[in-house]
Amino acid sequence: MSNRDYGDMFGGGALVAIGAFIAYYAVTTLSLGTVSRMGPGMFPAALGVILAVLGAVILIPALFREGEALKVEPRSLISVTTAMLAFVLLVEPFGLVPAIVVLTLIATCADGKLGWLGSAILAVVLAGGAVLIFQVGLDLQLPTLNWPW
Amino acid sequence: MFEALVDYTILGLSAATAPNSLFYCFIGVTLGTFVGVIPGIGALATISMLIPITFHLEPLEALVMLAGIYYGTAYGGSIASILLRLPGTGSSAVTCIDGYPMAQQGRAGIALFMTAIASFVGASIGIIIMMVFSPLFVEIGLSFHSPEYFSLMVMGLVAASSITSDSQIKGIAMVVLGIFLGIVGTDINTGTSRYTFGITELTEGFTMSAIAMGSFGVAEVISSLRKFKGGTLTSKSIGLRSMVPTRDDVRRSWLPILRGSSTGSFVGALPGAGATIASFMSYAIERKVARDPSRFGKGAIEGIVAPEAANNAADQTAFIPTLTLGIPGSVTMALMLGVLMIHGITPGPSMMANHPDLFWGVVMSFWIGNIMLLILNVPLIGIWVRVLMIPYHVLYPAILMFACIGVYSIHQTTFDVITVIAFGLLGYFMRLIRFPVAPLLLGFVLGPMVEEYFRRALIISAGDVSIFFERPVSLMFLLITAALLLWSAWQSVRQSFQRKVVEAPLPGNEAAGARDGEAAQSR
């Protein structure tokens, strides 16, 4: 299979779509006003049009050009995202410490260089460090440990 | 004018030597050296992670600390370049070329000592130039009105996005997207919500540090996580005795240091240029003026002292347009401006008049910080050599943790953490398809100001767009912008014809390649 320049095709295409949407939203839901008394929609409408044009300039030549294959790192991508999502879900109901421990344990899965013991030690150290820096040092009002039930 | 400068110096010194300022200056430069030494985290990611903490500080302390991180990385970056051949920062990449051969020849100590001295001299010259020229810039800036500011910002954004990215049109597209992201939220003139889609958290717009942390910190972690293999240290311990340069080293170095400092000071103050470009330029200059250019690449001391003097000088003079005109030349500077605005201080020419203690306090803290850095980098060099051995797989969970808690602590809402994740993914995919991230952030910070000046200018002129072309200063900025755009258009036309250009062989291995992206970003 020949390698098209999928990067620029994808990026340029996305910009055309985003630009068109920004302009459409500005024209339909915001008031444009006049040039001397601009409404909230005038500036974004202009941005949207410019963005779509630039996107097209990136997209069109990419259609006729070969490019490099894209190399995604699925394992890093997934574990980093999951780790942070876990923090989002845990921090309010359970508190800071459990959220950090789970975040660290999931994040270390990304490269697996630390064994489970190493991950556990790191998790405890980071949780302790966070409490020290953010709660003792900076006096932030974050719950350390919660039990929702 | 000279007497005024003396008064300001005393005022600044008294602000900068307050115990709290000294403490945060020390934290800043130490942290700066630390992240500079470690390849994989740059000044930009660190600063964005520390912004939430600065909300709890006084504006001066905040700025002193963040600035310390910024110029501290330039010192630390050279350590990794010399000992590992991995540039710790983009602006130290060029130091690998001659620094690593010196280390292989058993001259690592001398290389480290001379770069520390060169960095200090470069920074000092940069600071002196800043002290002398800032009042001048302020005077010019005070004569600007909305049309001039709009044109100046457009010029700055176009310059920053078209000089530093490998594809200029992508850079400009990213600036436009960034400006759009910046105006999401409530329109200050009419109170209308724009592009919030009913999400309450968005009525005040995206949180700057969430976007910065995501698109730099998290995206960086994802893309470099599995690429680090670590290098081999040439020498595990550096004794003070091994750092004493020979008479020949000193004789060869002093002129290149001065040349590097002047190149750096000049380039640093230009919008869009900055420390990395300054260091590469001064390396090229040294090669050109050398009597025997063939020595370069084999451990020529001129090849390390000139770029290191240049990047430190540039780091200091980059503050001139940022603090005097309110126009940041790089993303890092934009973040500094953002921090000032969060503290309710409008950056620009009026800042020097309204908050002289802040402006001069920051400038004088540069002296203190650089002296601290000299101590950290000469007698205490052994510590940093050990820091080089910290493996990345212990660091990145800490980075993620800092990002999560830091951003959560700002408004205590998980929406901001979700923003970090979303922009982390966006930043990662942008890296993947080679779209530059830095212009996006620059546009984001400047977006609201660009719109505001644009609207104000057109209110003054009653809707006549020619106001931007009729005022000579504004016209000059726009002409420079047009020239830049033409140049970038020409570049991209040329590029599409010779797509398969062999990339210039940069020093370093695969991990250094991973850093290239950041090298371009962190300018």
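Below, read A as the first sequence line, B as the second, and so on, with proteins coming before strands; counting in each chain starts at 1. These numbers come from the heavy atoms of this one structure, side chains and all, not from hydrogens, waters or symmetry mates.
Contact annotation for residues 125-132 of chain A against chain B (heavy-atom separation below 4.5 Å, listed by residue number): A:Leu126, A:Ala130.
Of all the heavy atoms in B:Ala173 and A:Leu15, the pair that sits closest is CB-CD1, 3.7 Å.
Note on residues 88-98 of chain A: pairs passing side-chain hydrogen bond (donor to acceptor under 3.5 Å, both in side chains), not counting sequence neighbours, are A:Glu92-B:Tyr408.
More than 12 heavy atoms of other residues, nucleotides or ligands sit less than 6.0 Å from atom CZ of B:Phe55. Heavy atoms from other residues, nucleotides or ligands lying under 6.0 Å from CZ of B:Phe26 number 12 at most.
Taking the centre of each ring, B:Phe197 and A:Tyr25 come in below the 6.0 Å mark.
B:His393 touches chain A through backbone and side chain together, each having a heavy atom under 4.5 Å away. Within the 4.5 angstrom heavy-atom criterion, atoms from both the backbone and the side chain of B:Leu400 approach chain A. In this structure, the portions of B:Phe180 lying under 4.5 Å from any heavy atom of chain A include both its backbone and its side chain. Neither the backbone nor the side chain of A:Ala123 comes within contact range of chain B; no heavy atoms are under 4.5 Å apart. Residue B:Ser461: no heavy atom, backbone or side chain, is found under 4.5 Å from chain A.
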* Show the numbers, then the answer: is there a side chain to side chain contact (heavy atoms under 4.5 Å, CB included) between B:Tyr195 and A:Leu30? => CA-CA 10 Å; B:Tyr195 304 94; A:Leu30 301 169; 4.1 Å; yes
* To do: List the steps, then state whether side chain to side chain contact (heavy atoms under 4.5 Å, CB included) holds for B:Leu177 with A:Leu47.
  => CA-CA 8 Å; B:Leu177 186 61; A:Leu47 287 180; over 6 Å; no
* To do: With side chain to side chain contact (heavy atoms under 4.5 Å, CB included) as the test, would you mind laying out the steps for A:Leu122 and B:Met401 before giving the verdict?
  => CA-CA 11 Å; A:Leu122 185 65; B:Met401 175 207 86; over 6 Å; no
Sequence neighbours left out, cut at 3.5 Å: what donor-acceptor pairs do the side chains of residues 101-110 of chain A make with other protein atoms?
from: A:Thr104; atom 1: OG1; to: A:Ile100; atom 2: O; distance (Å): 2.7
from: A:Thr108; atom 1: OG1; to: A:Thr104; atom 2: O; distance (Å): 3.1
from: A:Thr108; atom 1: OG1; to: A:Leu105; atom 2: O; distance (Å): 3.0
from: A:Thr108; atom 1: OG1; to: A:Ser119; atom 2: OG; distance (Å): 3.1

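Between the B:Arg194 side chain and the A:Pro40 main chain, a donor and an acceptor come within less than 3.5 Å of each other.
Interface check for chain B: of the options A:Leu85, A:Leu96, A:Val72, the most heavy-atom pairs under 4.5 Å are formed by A:Val72. No other option in B:Leu458, B:Val417, B:Ile405 has as many heavy-atom pairs under 4.5 Å with chain A as B:Ile405. In terms of non-hydrogen atom pairs under 4.5 Å with chain B, the most contact-rich of A:Leu89, A:Ile50, A:Thr29, A:Leu54 is A:Leu54. When A:Val91, A:Val57, A:Ile133, A:Val88 are compared by the number of non-hydrogen pairs under 4.5 Å with chain B, A:Val88 comes out ahead. The residue among B:Ser409, B:Ala462, B:Cys404 with the most heavy atom pairs within less than 4.5 Å of chain A is B:Cys404.
Two residues are said to be in side-chain contact when any heavy atoms from C-beta on lie closer than 4.5 Å; B:Phe435 and A:Ile58 meet this criterion. Looking at B:Phe429 and A:Leu77, their side chains come closer than 4.5 Å, going by heavy atoms from C-beta outward. Inter-residue side-chain proximity for A:Val80 and B:Ile421 is flagged as unmet; no heavy-atom pair is nearer than 4.5 Å. By the 4.5 Å heavy-atom criterion applied to side chains, B:Lys170 and A:Asp8 are counted as neighbours.
A distance of 11.5 Å separates CD1 of B:Ile433 from CE of A:Met9, quoted to the nearest 0.5 Å. Taking CE of A:Met84 as the reference point, atom CG of B:Leu425 lies at 9.0 Å (rounded to 0.5 Å).
A search for ring-ring contact (aromatic ring centres under 6.0 Å, His included) contacts involving B:Phe454 returns A:Phe43, B:Phe150, B:Phe468, not counting sequence neighbours.
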